[in-house]
Amino acid sequence: MVYEIAQNKITDIKFCKESTQKTFEIGWKDYEEYIEIDVPEDFSFEQCMVYLGRSDTEILHKIEKGEFYKLLNFDGVNILISIAMNLKKLKVTFLEKAPPKPFRLLTAKYMWNMFDLGTDLTQFYKLAETDSIIKLLVDKYKGLRVVKTDDVFEAICWAIIGQQINLKFAYTLKKRLVESYGERVEYKNNEYFLFPTPFVISKLEVEDLKHLQFTIRKAEYVIGVANLLKDGIITKKELLLEKNCEKLKQRLVQIRGVGNWTADYTILKCFDIKDAFPIADVGIYNALKGILKLDEKPSINEIEKLSKNWNGWQPNTTFYLWRWLYE
DNA sequence: ATCCAGGAGTCCG
DNA sequence: CGGACTCATGGA
């Protein structure tokens, strides 16, 4: 039996050839009921957990006693896992019965993508020698990775939901959306959810989402994106072929409801593109305002100047800046 | 109450 | 193209 990788799932594990950055090879061991994945020497599971644990309203995973729980789905097959560090390796445990071997490989690849384990951050850390902002961030949060979202529908929806509202309310909206329309699995008195599929959301009316306190616009945007993906007008597989940040952005911005910020954010969260940078993000300028002790938020021009020093490492810098906000 | 929040579309010159 | 206006809802 051949297991196909769904089109919009699992980023190709091969890395962008034109990238000048070093990459690590994936390494993992299969122990049936769990797998162990090699991680870079500097990898900090704890720092990634701070990012992933930034909201107590997060519905798509749980963190308990430093252990991470999430429901995965490969081609219709649900896999409930927990993740923890064990002897400098990432240990992923299958909480229900161990899935067939191809799915254990997919799980390893999923983690590799989610924690961006392929990127060698040596050059990023070296930037700290010449950039005081990077130095401050790296000193504090070394080992934090760019935590990715595999599902492009989820990534775009989450960005749309987050437009122009505070993060707390954004998490509330996501929770309502997922609880209302996402698949649910129960395990030991806990519930775990999948992000809703484009198919399910495409069937909704604007009114359905208005009841969840979505604005009319956001409801239209989310349903619209669902239709584009459901009909195959947009596929992640096709988007992955575009390695140029600007060109990828141009394609995303054509989607109704996706402006500059949403496109930048989606690329950062869902694609392995090294100059993705949501320059209009209020989180970024709030962090910079705080770090640089500015009286007012920095202008786009000022951020552009700063970010030139970060060329090729904008995604990492963005995550480290966001991390600074969670102190 | 007032301002802001991990904005986008539209219109107008 | 760039700016002003509109939409829209909870949090602090």
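Labels below follow one simple rule: chain letters A, B, ... track the order of the sequence lines, proteins then strands, and each chain is numbered from 1.
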Sugar-phosphate, base or nothing in reach of Gln164(A), heavy atoms under 4.0 Å: base
Gly312(A) versus Gln314(A), closest heavy-atom pair with distance: N-OE1, 2.8 Å
Any side-chain donor near an acceptor of the partner, Thr122(A) and Asp120(A), under 3.5 Å: yes
Side-chain heavy atoms of Leu209(A) within contact of Lys218(A), under 4.5 Å: no
Sugar-phosphate only, base, or nothing, as touched by Ile216(A) at under 4.0 Å among non-hydrogen atoms: sugar-phosphate
For Glu33(A), side-chain contact (heavy atoms from CB on, under 4.5 Å) partners two or more places apart: none
Whether Trp158(A) and Tyr171(A) hold their rings parallel, tilted or perpendicular, with breakpoints at 30° and 60°: tilted
Residue mapping more 5' on DNA chain B - nearest nucleotide basis, Arg217(A) or Val282(A): Val282(A)
Value in whole Å for how far the C1' atom of dC4(B) lies from NZ of Lys297(A): 10 Å
Interatomic distance, Ile161(A) CD1 vs dA8(B) C1' [rounded to whole Å]: 15 Å
Joint cluster assignment, Tyr326(A) & Val147(A), ILVMFWY side-chain distance < 4.5 Å: yes
Covered region of DNA chain C, 5' end to 3' end, by chain A [heavy atoms, under 4.0 Å]: dA8(C) to dA12(C)
Residues in side-chain hydrogen bond (donor to acceptor under 3.5 Å, both in side chains) contact with Asn260(A), at least two apart in sequence or another chain: none
Whole angstrom value for the distance that separates P of dG7(B) from CG of Asn166(A): 10 Å
Arg217(A) to Tyr221(A) six-membered ring, cation-pi geometry met (6.0 Å, 45°): no
Strand-adjacent residues in residues 247-262 of chain A, judged by heavy atoms under 4.0 Å from DNA chain B: Ile255(A), Arg256(A), Gly257(A), Val258(A), Gly259(A), Asn260(A), Trp261(A), Thr262(A)
Rounded distance (nearest 0.5 Å) linking atom CZ of Phe124(A) with atom CZ of Arg145(A): 10.0 Å
Ring pair (Phe, Tyr, Trp, His ring centres under 6.0 Å), paired with Tyr51(A), selected from Tyr141(A), Phe319(A), Phe68(A), Phe45(A): Phe319(A)
Same-atom distance (P) from dA8(C) to dC11(B), integer angstrom: 15 Å
Whole-Å distance separating the CD1 atom of Ile165(A) from the P atom of dG7(B): 9 Å
Of Thr215(A) and Thr172(A), the one whose closest DNA chain C nucleotide lies more 5': Thr215(A)
Members of residues 303-327 of chain A that approach DNA chain B, where some heavy atom sits under 4.0 Å away: Trp322(A), Tyr326(A)
Spacing between Phe214(A) atom CZ and dG7(B) atom P, to the nearest angstrom: 15 Å
With a 3.5 Å cut-off and sequence neighbours excluded, list the donor-acceptor pairs that the side chains of residues 88-95 of chain A form with protein atoms.
from, atom 1, to, atom 2, distance (Å)
Lys89(A), NZ, Asp38(A), OD1, 2.6

